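Predicted, not measured: the structure shown is a model, and the values here were computed from it.
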Amino acid sequence: MRSTIGIVIKRQNKGEYDQLLTLYTRKYGKIELLARGIRKQEAKLAGHAGLFCLSEVGFVVGKRHWVLTSAKEVEHFPKIRADAAKVQAARHVVRLADTYTFPEEKDEAMFHLVVGAFDYLNRREMKPLELKFFLRYFEFKFLSALGYEPEDKTIVKVFESERVVLSERDLDRMEDVFSRYFASIYSSARA
């Protein structure tokens, strides 16, 4: 049996009662765990392995899938769940982690970046422009962690000063630039 702490970044229904959970974990990077019977009404693990939950999980290595055997919620980030804009931001964070990381490639810095993003979203009250600013900052740090650090470091300098002095137009321009970086990573990862 193995165990680690991880954040649930995706869930896919399998069969009538099972789900395939994708977690980004501290020890193993991105992994998939088969959660047998988790969709049954009386399932004990369901509340501990929900989308965006940070959980301590136990699992065994099966023939086709790693199989979830235990889960204990560490944090469920309630202020994210209560705000539709923050839910969309969290979806963006996990989509990047799911799309641009490889399975079972341990990267503790990436784990802390993703969990840190959730913690920040959960703790801070943010206006729409501040949320957009935070997402650009996260994208910059994510690209940097992957080894694709953008040349323009304006977003980092502004974030560290704790004042949003960039316009929405500036942030939209950065989003376009970062999107091109992600597009090139995706095409090189597929090659």
Side-chain angles (χ1 to χ4, degrees), residues 1-123 131 134-135 138-139 141-143 145-146 182-183 185-187 189-190:
M1 176 140 139
R2 300 179 185 185
S3 66
T4 188
I5 190 168
I7 190 161
V8 179
I9 63 172
K10 187 166 72 173
R11 297 183 316 187
Q12 295 174 280
N13 292 341
K14 298 290 263 184
E16 192 172 350
Y17 296 114
D18 301 342
Q19 278 188 335
L20 193 59
L21 306 176
T22 303
L23 287 87
Y24 202 90
T25 69
R26 180 182 292 159
K27 285 185 188 176
Y28 304 99
K30 182 173 67 173
I31 61 172
E32 287 187 343
L33 300 177
L34 181 62
R36 291 198 172 115
I38 201 162
R39 293 172 44 219
K40 289 182 180 178
Q41 192 168 12
E42 66 275 3
K44 294 178 178 149
L45 299 180
H48 298 278
L51 190 62
F52 304 158
C53 274
L54 180 65
S55 300
E56 184 74 38
V57 295
F59 58 95
V60 294
V61 178
K63 289 182 181 179
R64 295 185 68 205
H65 294 286
W66 292 2
V67 179
L68 181 71
T69 57
S70 65
K72 182 179 180 200
E73 178 187 287
V74 174
E75 176 64 69
H76 70 278
F77 307 105
K79 291 182 181 174
I80 293 174
R81 295 173 189 283
D83 183 329
K86 286 185 176 185
V87 168
Q88 285 304 109
R91 287 181 194 273
H92 183 66
V93 167
V94 298
R95 185 184 59 77
L96 292 176
D98 188 36
T99 303
Y100 298 106
T101 60
F102 292 102
E104 299 173 44
E105 194 171 283
K106 179 183 175 178
D107 187 339
E108 200 164 331
M110 184 66 75
F111 169 79
H112 289 295
L113 180 64
V114 171
V115 172
F118 272 78
D119 183 57
Y120 191 84
L121 285 169
N122 192 56
R123 284 185 298 111
L131 189 57
F134 170 74
L135 288 174
F138 175 81
E139 291 167 349
K141 298 301 271 184
F142 188 85
L143 285 164
L146 292 176
F182 285 118
I185 293 169
Y186 189 70
S187 62
R190 290 279 173 148

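Remark: Leu135 CG to Gln88 CD distance equals 10.5 Å, nearest 0.5 Å. Here OG1 of Thr101 is found 6.0 Å from CD1 of Ile9. Values are rounded to the nearest 0.5 Å. The CG atom of Leu23 sits 8.0 Å away from atom CG of Leu68, with the distance rounded to the nearest 0.5 Å. Here Ile7 contributes atom CD1 and Leu51 contributes atom CG; the two are 8.5 Å apart, rounded to the nearest 0.5 Å. Considering CG of Leu131 and CG of Asp83, their distance stands at 7.5 Å, rounded to 0.5 Å. The structure places CZ of Phe102 at 12.0 Å from CG of Asp107, a figure rounded to the nearest 0.5 Å.
The shortest non-hydrogen separation linking Leu45 to Ala71 is CD2-N, 3.5 Å. Between Leu96 and Phe142 the shortest heavy-atom distance is O-CZ, 3.3 Å. Closest non-hydrogen pair, Leu21 versus Ala35, comes out as CD1-CB, 4.0 Å.
Between the side chain of Lys30 and the main chain of Thr22, no donor-acceptor pair closer than 3.5 Å is present.
In this structure Phe118 satisfies the ring-ring contact (aromatic ring centres under 6.0 Å, His included) test together with Phe52, Phe77, sequence neighbours excluded. Considering only residues two or more places apart in sequence or on other chains, Lys86 meets the side chain to side chain donor-acceptor pair (under 3.5 Å) condition with none of them. With sequence neighbours left out, the side-chain contact (heavy atoms from CB on, under 4.5 Å) criterion links Ser70 to Met1. Judged as a side-chain contact (heavy atoms from CB on, under 4.5 Å), and not counting sequence neighbours, the contacts of His76 are Cys53, Glu73, Pro78, Arg81. Evaluation of the side-chain contact (heavy atoms from CB on, under 4.5 Å) rule for Arg26 yields Thr4, Ile5, Glu108, Phe111, His112 as partners, not counting sequence neighbours. The side-chain contact (heavy atoms from CB on, under 4.5 Å) test applied to Arg123 returns Asp119, Tyr120, not counting sequence neighbours. In this structure Phe59 satisfies the ring-ring contact (aromatic ring centres under 6.0 Å, His included) test together with Tyr28, Trp66, sequence neighbours excluded.
For the pair Val94/Val8, no side-chain contact is recorded, criterion being any heavy-atom separation below 4.5 Å from C-beta on. A heavy-atom distance below 4.5 Å is not found between the side chains of Tyr24 and Val115.
For the side-chain hydrogen bond (donor to acceptor under 3.5 Å, both in side chains) condition, the pairs that include at least one residue of residues 32-46, sequence neighbours left out, are Asn13-Arg39. Residue pairs meeting the salt bridge (charged side-chain N to carboxylate O under 4.0 Å, His left out) criterion with at least one member in residues 5-22, sequence neighbours excluded: Lys10-Asp98.
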